[in-house]
Amino acid sequence: MGGLSIPQILGILTFLAFFVLMFTAKKAVDKNRLFIQYILLAYPLIAIYVIPGALGLNTFHLTNYLFYFFFHKGKRHELKHGKLYLFLFGTIVLAGVMGCFGAATLTADTTRAIIEFFATFIYAKILVDECIDDPHFFYEVIKWLKITVLVSLVFLAIQFVVGVNFSLSKTQNPNVLQEVATRYPSFFQDPQKYAQFLAAGSFLFLMKEWNTFKLPVKNYIFLVLTLVAILYTGGRGGFGGWVLGFSLIVIFGNAMYKIYAVLIGGVMFTLIYNFSDSFAVFNRTDKVSDSYEFRFGIWKDAYGIFLDNPLFGIAPGNYANYVSVHNPDQFWMFDNEVTYYDHPESGYLKLLTEYGGVGFVAIILFILLPMIFSLINYLKIRDTTFLLMVSSILSWMVGFYTVYSLGDIRIQVLIVTIICLLITNYKRFEEVDEEEDEDEPLIEPEQAYAH
């Protein structure tokens with residue numbers, strides 16, 4: 001392989017395997033659905049850059065564009081609030097384009113950001129189409145998302161045994177090895193991003209599978225394991241986000257969830273009380289006040305950048321290039337190398353500076369509106385899948401204020417997937433109602449609306 005790293009070899013094999021799968025799949029197989037399943041199956045490897053360099057492409061980029069141009073079969077479906085989402089998408093694109101025109105200088109980072117943006121859109125559009133075409137595909141997607149969380153826990157367990165050098169990343173994040181405790185990143189490069197992934201993914205284990213009335217005991221075990229893993233990441237934002245998301249479930253959920261909350265809380269209190277010295281989240285070298293003081297200066301600079309470019313920002317992916325010229329004090333040293341910040345220690349400020357006020361509002365509404373519509377549906381239908389997915393996104397949003405986790409395509413895929421499921425989840429219940437009107441129910445009503 002002539003100098004290729006093991007992760008690169010894995011990335012190339014992942015892409016080639018997808019290429020072979022598409023060509024050998026039988027005609028009866030829905031390739032759109034197969035594409036979604038493969039992305040989630042290969043989830044740990046989709047961030048690997050197969051083609052390195054300034055305009056590098058990772059496994060996700062290559063897989064998406066290959067599928068879209070050669071294998072994708074378009075499906076026309078009417079989406080509830082579809083025109084609103086299309087308007088928001090168009091506004092985001094407009095903000096990005098205007099930001100590029102307004103920027104004095106652009107780099108390959110902006111090109112990469114654009115390539116990634118449309119690759120993610122391709123994935124989201126196909127997922128939405130499939131969930132509307134067959135609402136029960138929802139359960140298949142949830143199943144694969146759960147598997148990605150379990151795979152991350154296995155990867156984490158291996159790191160416990162052989163060390164954090166067991167990684168898919170070329171370089172180790174400086175947050176991993178600290179004086180007091182090691183912060184474990186699993187197959188991510190940054191433990192903070194892994195904490196956000198775990199916080200959002202943990203709520204999936206509280207979702208029942210199709211045709212089941214009772215949640216298996218193993219799901220609660222997996223939930224507790226994800227919480228323990230969050231403690232080992234040292235991600236305070238991720239842990240705080242999970243607490244807020246779970247609080248939403250306790251407040252609005254049924255009595256059974258309140259009982260489970262007490263039980264899970266008791267287990268976690270026992271573990272933390274007896275083993276707090278082992279958990280990185282309680283043994284950080286920096287205090288919360290120190291982190292805030294450090295970040296506040298960067299936040300202030302970033303807000304100043306927004307004020308200088310209020311409408312459309314400085315262009316997608318252009319933050320590091322911009323601060324290297326206008327705010328050269330925003331850098332950190334690693335291996336005697338100067339690296340300029342590619343985000344201002346806050347995901348929200350990253351979006352605000354790069355997309356401006358217009359793009360930022362559109363992006364936030366693209367996240368909040370499905371959550372609001374889902375909460376309204378939950379109050380009507382009382383199906384907890386709505387509430388659990390809203391809690392999942394909410395937990396990620398809390399941690400997002402400290403780190404731009406969407407810079408990792410795997411976090412993008414996770415959040416976009418859950419948002420797409422939120423957008424299309426209503427379809428499952430429309431189908432039940434239609435079947436009931438025809439006196440041929442697809443599933444029992446109490447099963448469909450179980451909580």
Side-chain angles (χ1 to χ4, degrees), residues 92 95-96 98-100 102-114 116-117 171 173-175 183 188-197 234-238 240-241 284 286-334 337-364 366-367 396-409 411-412 415:
I92 296 170
M98 295 301 293
C100 289
T105 56
L106 294 175
T107 66
D109 291 338
T110 295
T111 305
R112 247 195 327 266
I114 294 171
E116 189 170 282
F117 176 84
T171 58
N173 189 283
N175 291 325
R183 299 177 61 183
F188 289 85
Q189 198 257 357
D190 187 345
Q192 295 182 87
K193 294 177 182 178
Y194 183 42
Q196 290 185 25
F197 167 81
R236 292 184 293 226
R284 294 274 295 273
D286 59 328
K287 298 179 181 179
V288 175
S289 58
D290 295 334
S291 294
Y292 175 79
E293 185 177 344
F294 164 72
R295 288 189 170 107
F296 182 75
I298 300 173
W299 292 344
K300 189 176 178 181
D301 286 347
Y303 188 68
I305 294 172
F306 160 68
L307 293 179
D308 291 336
N309 307 269
L311 288 179
F312 303 113
I314 59 176
N318 199 36
Y319 189 84
N321 175 55
Y322 188 92
V323 298
S324 69
V325 177
H326 301 279
N327 302 80
D329 58 328
Q330 286 196 29
F331 70 90
W332 52 281
M333 297 290 296
F334 186 70
E337 240 181 81
V338 174
T339 302
Y340 288 99
Y341 285 16
D342 61 355
H343 69 84
E345 293 293 318
S346 170
Y348 298 105
L349 283 173
K350 164 87 166 178
L351 296 176
L352 189 63
T353 56
E354 292 191 349
Y355 286 89
V358 174
F360 177 80
V361 170
I363 293 170
I364 295 302
F366 222 124
I367 298 171
W396 164 76
M397 292 181 73
V398 172
F400 191 61
Y401 90 94
T402 61
V403 62
Y404 178 67
S405 55
L406 294 180
D408 190 310
I409 193 64
I411 299 292
Q412 271 195 46
I415 300 305

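No hydrogens, no waters, no symmetry mates; every other heavy atom, side chains included, goes into these values. These numbers come from a predicted model, not from an experiment.
Using a 4.5 Å cut-off on side-chain heavy atoms (C-beta onward), Phe188 and Asn173 make no contact. Proximity of Asn175 to Gln192: side-chain heavy atoms (C-beta onward) are separated by under 4.5 Å at one or more points. By the 4.5 Å heavy-atom criterion applied to side chains, Ile415 and Phe400 are not counted as neighbours. A 4.5 Å side-chain heavy-atom check between Pro316 and Phe117 finds every atom pair outside the cut-off. Using a 4.5 Å heavy-atom cutoff, the side chains of Asp408 and Phe197 are not in contact.
No side-chain donor-acceptor contact under 3.5 Å links Ser346 to the backbone of Thr402. Gln196 places no side-chain N or O within donor-acceptor distance of the main-chain N or O of Gly238, the cut-off being under 3.5 Å. Here the side chain of Glu354 pairs a donor or acceptor atom with the backbone of Tyr319 at under 3.5 angstrom.
Once rounded to the nearest 0.5 Å, the distance linking OH of Tyr401 with CG of Leu349 reads 12.0 Å. Rounding to the nearest 0.5 Å gives a distance of 9.5 Å between CG of Leu351 and CD1 of Ile92. From Ile305, atom CD1 reaches atom NZ of Lys350 across 10.5 Å, with rounding to the nearest 0.5 Å. To the nearest 0.5 angstrom, Thr353 atom OG1 is 11.5 Å from Leu307 atom CG.
Of all heavy-atom pairs spanning Pro344 and Ala302, the tightest one is CB-CB, 3.5 Å. Smallest separation of non-hydrogen atoms from Glu116 and Leu406: OE2-O, 4.1 Å. The nearest pair of heavy atoms linking Ser405 to Ile411 is O-CB, 3.3 Å.
Annotation: salt bridge (Lys or Arg N to Asp or Glu O under 4.0 Å) contacts involving residues 302-328, sequence neighbours excluded, are absent.
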- For the pair Phe306 and Tyr303, evaluate ring-ring contact (aromatic ring centres under 6.0 Å, His included) and give the outcome as yes or no after the intermediate values. CA-CA 5 Å; Phe306 160 68; Tyr303 188 68; 5.7 Å; yes
